[in-house]
Structures are given as structure tokens and as C-alpha cells.
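Atoms within each ligand, like the ligands themselves, are counted from 1 in listed order.
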Amino acid sequence: MRALTLGLSLLLIAVPGRAPAADAQNGETLAKRWCTGCHVVSDEQRKGSDMAPSFAAIASQPNFNEERLAFFLLEPHPKMANMALSRNDTKDLAAYIGQQKRR
Ligand code: HEC
């Protein structure tokens, strides 16, 4: 019985109820696929459109907040094609953008 209880509690630790941590690497893949037409998404990219802020600029805003950004991305912003990002995709993108904060 003891072993069973231990096993169960280990299972609970291994499978937390919350979503897995955001994956910035996947965010980078998504950004390079979907966002480069308008935004400069990384240092390697030379030019986006003049209208859209670079991801580094977005991350460096004083009130930048990853969770709010992920929420913002659930809705397509004006002039942006509907990309139907999943909740996990938006989190990954937000984590990727957050990494570009200027120090
Ligand atoms: C068709 C062009 C276009 C594409 C593609 C696009 N964006 Fe944008 N985005 C814009 C423009 C233009 C703005 C600025 C005006 C606005 O807020 O609508 C903007 C604004 C934003 C902002 C808000 C910046 C701020 O601080 O106000 C975020 C965040 C953002 N985009 C993220 C993304 C991400 C992530 C992707 C890819 C998944 C993406 N965008 C794809 C055109 C685009």
C-alpha cells in the first residue's frame, strides 16, 4: 500500500496539471515561418515592413509581459492574416520574443 501511495504521488509530480513550459525554440520556428513578412524577428533578419515593430523592440518595451503577449497573439492583429495559432504556439512565440529583450 505504501509503495502504491508513493507511486501515485510520483505520478502526480511527473504529470502536473498545468501546460508544459513554453518552448522558445518552437517559437523561433513559428516566428520565422509566420512573422518575417512584416516583423524583423531576429538579429539575422535585415528587413521587415516599416509598419511593424521588430521583436527586439517589442520585447524591450518597459511594460513587456510574456503572458499578456501570448494572450494578445490569440487574436490576429489588424492587417495580419489569420494564422490560427494554438495556445501553446502563442506561449512559445511570446517566450521567443521575450528572449530578445535588450539588456
Ligand atoms: C501582415 C503583416 C504582419 C504579420 C504577418 C505579423 N504582424 Fe505583428 N504587427 C503587424 C503590424 C503592422 C503591427 C503594428 C500595428 C498593430 O499593432 O496592428 C504589428 C504588431 C504586432 C505586435 C504588437 C506590438 C506592440 O507592442 O504593440 C506583436 C506582439 C506582433 N505584431 C506579433 C506578431 C507575431 C508573433 C507574428 C507572427 C506569428 C506577427 N506579428 C505577424 C503586422 C504583422
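Val40 and Tyr96 are assigned to two separate hydrophobic clusters, defined by single-linkage of ILVMFWY side chains at heavy-atom distances under 4.5 Å. In the hydrophobic cluster analysis, where Ile, Leu, Val, Met, Phe, Trp and Tyr join through side-chain heavy atoms closer than 4.5 angstrom, Leu74 is grouped apart from Leu93.
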For residues 59-66, run the donor-acceptor check on the side chains, cut-off 3.5 Å, and write out each pair with its distance to 0.1 Å, sequence neighbours left out.
| unit_1 | atom_1 | unit_2 | atom_2 | d |
| --- | --- | --- | --- | --- |
| Ser60 | OG | Ala56 | O | 2.7 |
| Ser60 | OG | Arg102 | N | 3.1 |
| Asn65 | OD1 | Glu67 | N | 2.9 |
| Asn65 | OD1 | Arg68 | N | 2.9 |

For a quick test of your reading: what N or O donor-acceptor pairs under 3.5 Å do the side chains of residues 22-31 make, sequence neighbours left out?
| unit_1 | atom_1 | unit_2 | atom_2 | d |
| --- | --- | --- | --- | --- |
| Asp23 | OD1 | Gln25 | N | 3.1 |
| Asp23 | OD1 | Asn26 | N | 3.2 |
| Asn26 | ND2 | Asp92 | OD2 | 2.7 |
| Glu28 | OE2 | Lys32 | NZ | 2.7 |
| Thr29 | OG1 | Gln25 | O | 3.2 |

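Residue Leu69 has at least one heavy-atom neighbour below 4.0 Å for each of these atoms of ligand 1: 29 (C). Less than 4.0 angstrom separates some heavy atom of Gln61 from each of these atoms of ligand 1: 25 (C), 26 (O). Annotation for ligand 1: atoms under 4.0 Å from non-hydrogen atoms of Ile58 are 22 (C), 24 (C), 28 (C), 29 (C). Residue Cys35 approaches ligand 1 through these ligand atoms, each under 4.0 Å from one of its heavy atoms: 34 (C), 35 (C), 36 (C), 37 (C), 38 (C), 39 (C), 41 (C).
Of the candidates Arg33, Arg68, Met51, the one placing a heavy atom closest to atom 12 (C) of ligand 1 is Met51.
The closest approach between a heavy atom of Phe55 and any atom of ligand 1 is below 4.0 Å.
The proximity of Leu30 to ligand 1, defined as any non-hydrogen pair under 4.0 Å, does not occur for either the backbone or the side chain.
Distance check: Arg87 CZ to Leu85 CG gives 12.0 Å after rounding to the nearest 0.5 Å.
For a distance bound of 2.8 Å, the N, O or S atoms of His39 include one lying that close to atom 8 (Fe) of ligand 1.
His39 and Phe55 have tilted rings, their planes meeting at an angle from 30° to 60° on a 0 to 90° scale.
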